[in-house]
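What follows is a short report on a single structure.
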Amino acid sequence: MADRGHGISQSALNVYRNCPFAYKCYKEKKSPLMYNQDILDSGGLVHDAIDYYYKHYYLTKADAQTILYESYNYLRSHWDTLLPAEELHKAHTCLTNHSVWEAKNLLDGIINCPITEAGLANDFFYGIIDYIDAPHNFVLDWKTGKHAMVTQEYKIQAYIYRLLYQDNFKKELASLSFYFLYPNEIKTVVFDNPNMKSAIEEVLGLKEEMKHDIENYMFEKKPRTDKTCNYCAYRVYCRF
């Protein structure tokens with residue numbers, strides 16, 4: 001049951017959720033139409049810069065300026081000069097907010113270096129989790145968009161990460177939060193909240209549907225909404 005050799009990722013599940021035929025194109029590595037590629041590229045670089053800080057400079061200094069300096073140096077050395085200046089400004093804002101948050105953690109006496117960009121898998125799913133504080137059973141996911149909204153897709157991601165954490169660390173996940181770096185807001189997911197029930201049910205249902213379709217290699221065109229096809233990254237391959 002493999003997706004690009006690893007298992008089913010949260011992003012792959014959401015492609016399937018939008019339309020099984022789009023997932024077939026994704027699985028066959030067809031080139032997608034790229035929407036907001038600049039945003040995707042800059043967001044990935046912000047993640048890489050934060051990960052670089054944790055892997056190379058964690059606990060060397062507790063002040064925000066040093067944390068920002070080390071992270072921003074990485075960002076600047078890897079930045080694509082063709083990306084818009086607005087994206088560089090947004091990336092710098094994200095790193096600035098992170099540096100203040102991290103400096104406070106260090107000053108509060110947190111001494112265990114978190115596990116960052118951790119690839120976890122179970123019998124079906126695979127995910128790269130941005131930040132794991134294993135001693136406190138805490139997971140954090142960085143988001144670089146402009147709006148701090150926990151959408152249904154993010155709820156699905158949260159539940160998958162919970163499964164991956166519990167299957168790999170063999171203990172309950174106490175807390176999972178999304179850190180929206182640009183607006184500098186943290187939203188914590190409460191798994192026993194009724195608002196999470198539909199996401200959990202949807203993940204379990206999609207998992208069974210995907211198993212059936214993958215085993216039979218049968219992926220219908222079944223867009224989730226009337227507008228799904230308009231924004232589908234694989235619509236040029238759609239035989240329908």
Side-chain angles (χ1 to χ4, degrees), residues 3 7-23 25-26 32-47 50 86-87 90-91 93-94 97-98 101 116-118 120 124-132 138-166 173-210 222-235:
D3 176 59
I8 303 298
S9 67
Q10 168 262 335
S11 57
L13 185 72
N14 274 306
V15 172
Y16 181 90
R17 176 176 177 255
N18 281 324
C19 180
F21 183 78
Y23 174 77
C25 296
Y26 170 89
L33 297 171
M34 301 309 292
Y35 297 98
N36 299 321
Q37 183 62 40
D38 292 343
I39 295 174
L40 293 173
D41 288 345
S42 62
L45 284 170
V46 169
H47 278 70
I50 294 174
E86 178 188 356
E87 287 303 306
K90 190 176 84 169
T93 299
C94 289
N97 290 335
H98 167 261
W101 176 84
T116 56
E117 299 303 310
L120 302 182
F124 189 84
F125 292 115
Y126 172 82
I128 299 177
I129 300 181
D130 292 341
Y131 178 107
I132 299 173
F138 171 61
V139 163
L140 194 69
D141 190 77
W142 317 111
K143 298 297 181 189
T144 58
K146 291 186 175 181
H147 305 290
M149 297 176 58
V150 181
T151 63
Q152 182 76 350
E153 287 189 6
Y154 289 169
K155 292 176 184 177
I156 287 172
Q157 178 184 354
Y159 181 61
I160 291 173
Y161 281 9
R162 183 194 194 194
L163 294 176
L164 290 173
Y165 181 90
Q166 293 177 174
L173 179 61
S175 179
L176 185 148
S177 297
F178 292 103
Y179 186 179
F180 296 89
L181 291 162
Y182 187 75
N184 200 23
E185 292 185 37
I186 294 179
K187 304 282 189 180
T188 299
V189 174
V190 180
F191 288 103
D192 59 1
N193 189 302
N195 291 333
M196 276 296 296
K197 184 178 179 181
S198 65
I200 293 171
E201 290 176 347
E202 189 167 5
V203 169
L204 298 176
L206 286 169
K207 179 180 176 181
E208 294 308 309
E209 290 176 25
M210 287 190 81
K222 192 166 61 176
R224 185 168 56 89
T225 71
D226 293 339
K227 295 182 179 180
T228 296
C229 294
N230 295 337
Y231 301 101
C232 179
Y234 298 98
R235 68 174 187 263

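Keep in mind that this is a model prediction, so the values were computed, not measured. Count residues from 1 along the sequence.
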Student check: side-chain heavy atoms of N195 and K155 closer than 4.5 Å: yes
What's the spacing between T225 OG1 and Y231 OH if we round to 0.5 Å? 9.5 Å
Smallest heavy-atom separation, M196 atom then V189 atom, equals SD-CG1, 3.7 Å
Once rounded to the nearest 0.5 Å, what's the spacing between atom NZ of K187 and atom OG of S177? 11.0 Å
Please report the shortest heavy-atom distance between S11 and Y26, naming the atom on each side. OG-OH, 4.2 Å
Least distance between heavy atoms, C94 atom then V46 atom: CB-CG1, 4.1 Å
At their closest point, which heavy atom of Y179 faces which heavy atom of N184, and how far apart are they? OH-OD1, 2.5 Å
How long is the span from the CG atom in L13 to the CG atom in N18, to the nearest 0.5 Å? 10.0 Å
Would you say the side-chain atoms of D130 pair up with the backbone N or O of L140, donor to acceptor, closer than 3.5 Å? no
Applying ring-ring contact (aromatic ring centres under 6.0 Å, His included), name anything that partners Y182, two or more places apart in sequence or on another chain. none
Would you call L176 and F191 a side-chain contact if the rule is heavy atoms closer than 4.5 Å? yes
With the side chain counted from C-beta on, respond yes when P223 and F21 share a heavy-atom pair under 4.5 Å apart, and no when they do not. no
Please determine whether a side-chain nitrogen of the Lys or Arg among E86 and K146 lies less than 4.0 Å from a carboxylate oxygen of the Asp or Glu. yes
Kindly give the heavy-atom pair with the smallest separation between M149 and F180, and that separation in Å. O-CZ, 3.5 Å
Counting C-beta onward and ignoring hydrogens, is there a side-chain heavy-atom pair between I186 and W101 closer than 4.5 Å? yes
Got a second to check how far I129's CD1 is from Q157's CD, nearest 0.5 Å? 9.0 Å
Give a yes or no on whether N193 atom CG has more than 12 heavy-atom contacts from other residues, nucleotides or ligands under 6.0 Å away. yes
Look at the side chain of H47 and the backbone N and O of W142, then say whether any donor-acceptor pair between them is shorter than 3.5 Å. yes
Non-hydrogen side-chain atoms of I8 and Y23 separated by less than 4.5 Å: yes
How about T188 and S175: do any of their side-chain heavy atoms sit closer than 4.5 Å? yes
Interatomic spacing from OG in S9 to CD1 in I160 - rounded to 0.5 Å: 8.0 Å
I need the full list of ring-ring contact (aromatic ring centres under 6.0 Å, His included) pairs touching residues 144-163, with sequence neighbours left out, sorted by first then second residue. Y154-F178
Once rounded to the nearest 0.5 Å, what's the spacing between atom CD1 of I50 and atom CG of L45? 11.5 Å
Any donor-acceptor pair under 3.5 Å from Q10 side chain to I156 backbone: no
Indicate every side-chain donor-acceptor pair of residues 199-209 with a distance under 3.5 Å to a residue at least two apart or in another chain.
unit_1	atom_1	unit_2	atom_2	d
E202	OE1	Q152	NE2	2.9
E202	OE2	R17	NE	2.6

